[in-house]
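Only one structure is covered here, and it is reproduced in the block below.
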Amino acid sequence: MIRQIEFTLQVKRRGCHLITNEVTKHLGELPEHGMLNLFVKHTSCALTINENADPDVRHDLNESLNRIAPEREPYYRHTLEGDDDMPAHTKSTLCGVSLTIPITERRLNLGTWQGIYLCEFRDSATPRRIVATIFY
């Protein structure tokens with residue numbers, strides 16, 4: 001069976017944000033076993049799984065991504081939406097727009113220190129739509 005839910009995350013400022021609880025509240029009761037696929041319907045943000053305890057990880061990840069894809073590079077052509085536009089697309093490609101997480105005993109089977117992140121790469125972010133597909 002397949003169940004699909006689409007929801008909007010609260011608008012986030014630029015940076016990496018732990019959203020595990022925000023996601024799980026939209027999912028409802030999970031099956032005993034299965035898989036969850038999360039897909040963000042935008043090209044200037046990303047989903048990833050990383051450290052859920054120390055907020056310094058979120059800061060450092062954001063800083064690292066800003067160094068990998070800096071703003072105002074002379075070779076960028078796609079600049080119509082601002083200095084953060086093309087770097088946001090690059091970061092989204094590097095991090096990805098979907099995740100697959102196992103479901104075990106009606107819970108997301110994440111590691112002890114793992115959490116779901118929304119990486120927001122735009123200064124003027126819009127509400128981000130997530131499609132959650134549960135396979136069981």
Side-chain angles (χ1 to χ4, degrees):
M1 302 214 38
I2 296 174
R3 180 167 50 106
Q4 195 167 75
I5 305 119
E6 187 167 335
F7 57 90
T8 303
L9 295 174
Q10 294 179 358
V11 176
K12 311 281 190 245
R13 68 185 188 289
R14 186 174 179 170
C16 298
H17 306 276
L18 188 61
I19 61 166
T20 310
N21 291 337
E22 190 175 354
V23 168
T24 56
K25 78 174 188 176
H26 290 284
L27 299 178
E29 186 175 353
L30 294 174
E32 184 68 25
H33 296 89
M35 297 296 283
L36 169 66
N37 178 267
L38 296 173
F39 174 78
V40 62
K41 296 172 68 171
H42 302 276
T43 61
S44 54
C45 64
L47 295 173
T48 191
I49 293 175
N50 216 302
E51 166 78 44
N52 70 358
D54 184 355
D56 286 343
V57 172
R58 295 190 290 276
H59 172 271
D60 293 349
L61 179 59
N62 186 57
E63 290 298 314
S64 296
L65 290 167
N66 286 337
R67 289 175 191 231
I68 291 167
E71 295 181 7
R72 295 179 288 285
E73 290 296 330
Y75 51 84
Y76 291 151
R77 293 182 183 179
H78 180 73
T79 59
L80 294 175
E81 294 181 39
D83 289 339
D84 62 350
D85 192 22
M86 191 58 224
H89 296 313
T90 301
K91 294 170 194 175
S92 176
T93 295
L94 291 172
C95 294
V97 294
S98 69
L99 299 172
T100 301
I101 303 167
I103 300 168
T104 305
E105 297 177 359
R106 301 190 187 282
R107 298 182 57 178
L108 298 181
N109 196 345
L110 293 167
T112 301
W113 305 110
Q114 290 183 321
I116 303 167
Y117 282 22
L118 172 74
C119 299
E120 178 55 66
F121 303 129
R122 298 301 306 269
D123 288 326
S124 299
T126 59
R128 301 307 192 179
R129 298 287 299 162
I130 302 282
V131 178
T133 306
I134 300 169
F135 302 88
Y136 57 102

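In this text the structure is predicted, and so the values were computed from the model without any measurement.
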Legend entry - Evaluation steps, side-chain contact (heavy atoms from CB on, under 4.5 Å), between Glu81 and Arg122: CA-CA 10 Å; Glu81 294 181 39; Arg122 298 301 306 269; 3.4 Å; yes
Nearest heavy atoms of [X] and [Y], plus distance in Å:
X      : Y      : answer
Cys119 : Thr48  : SG-CG2, 3.7 Å
His42  : Arg129 : NE2-N, 2.8 Å
Cys45  : Phe121 : CA-CD1, 3.6 Å
Val11  : Ala125 : CG1-O, 3.9 Å
Phe135 : Asn37  : CE1-CB, 4.1 Å

Between [atom1] on residue [X] and [atom2] on residue [Y], distance to nearest 0.5 Å:
X     : Y      : atom1 : atom2 : answer
His17 : Glu120 : NE2   : CD    : 6.5 Å
Leu27 : Ile103 : CG    : CD1   : 7.5 Å
Asn50 : Cys95  : CG    : SG    : 9.5 Å
Glu51 : Gln114 : CD    : CD    : 9.5 Å
Leu65 : Lys91  : CG    : NZ    : 6.5 Å
Met35 : Leu108 : CE    : CG    : 10.5 Å

What residues, two or more places apart in sequence or in another chain, satisfy side-chain contact (heavy atoms from CB on, under 4.5 Å) together with [X]?
X     : answer
Thr79 : Tyr76
Asn52 : Leu18, Trp113
Val97 : Phe39, Val40, Ser92

Hydrophobic clusters here meaning ILVMFWY residues chained together by side-chain heavy-atom distances under 4.5 Å, can you tell me if [X] and [Y] are in one?
X      : Y      : result
Ile101 : Met1   : yes
Ile5   : Leu9   : yes
Leu30  : Tyr136 : yes

Legend entry - Passing option when Tyr117 is tested against Leu47, Ile49, Asn62, Leu61 for side-chain contact (heavy atoms from CB on, under 4.5 Å): Leu61
Legend entry - Result of checking Leu38, Thr24, Ile116 against Ile19 for side-chain contact (heavy atoms from CB on, under 4.5 Å): Ile116
Checking [X] now: which residues fulfil salt bridge (Lys or Arg N to Asp or Glu O under 4.0 Å) with it, not counting sequence neighbours?
X      : answer
Glu29  : Arg106
Asp123 : Arg14
Arg72  : Asp83

Considering residues, nucleotides and ligands other than [X], do more than 12 of their heavy atoms fall under 6.0 Å from its [atom1]?
X      : atom1 : result
Glu105 : CD    : no
His59  : NE2   : no
Gln4   : CD    : yes

Inset, instruction - Kindly determine whether Arg128 and Ser44 satisfy side-chain contact (heavy atoms from CB on, under 4.5 Å), including the steps that lead there. - result: CA-CA 10 Å; Arg128 301 307 192 179; Ser44 54; 3.2 Å; yes
Inset, instruction - Begin with the C-alpha distance, continue with both residues' side-chain angles, and end with the deciding distance and a verdict on side-chain contact (heavy atoms from CB on, under 4.5 Å) for Ile130 and Val23. - result: CA-CA 9 Å; Ile130 302 282; Val23 168; 5.6 Å; no
Legend entry - Side-chain touch His89/Asp85, heavy atoms, less than 4.5 angstrom: yes
Inset, instruction - Answer yes or no: is there a side-chain heavy-atom contact under 4.5 Å between Glu22 and Phe7? - result: no
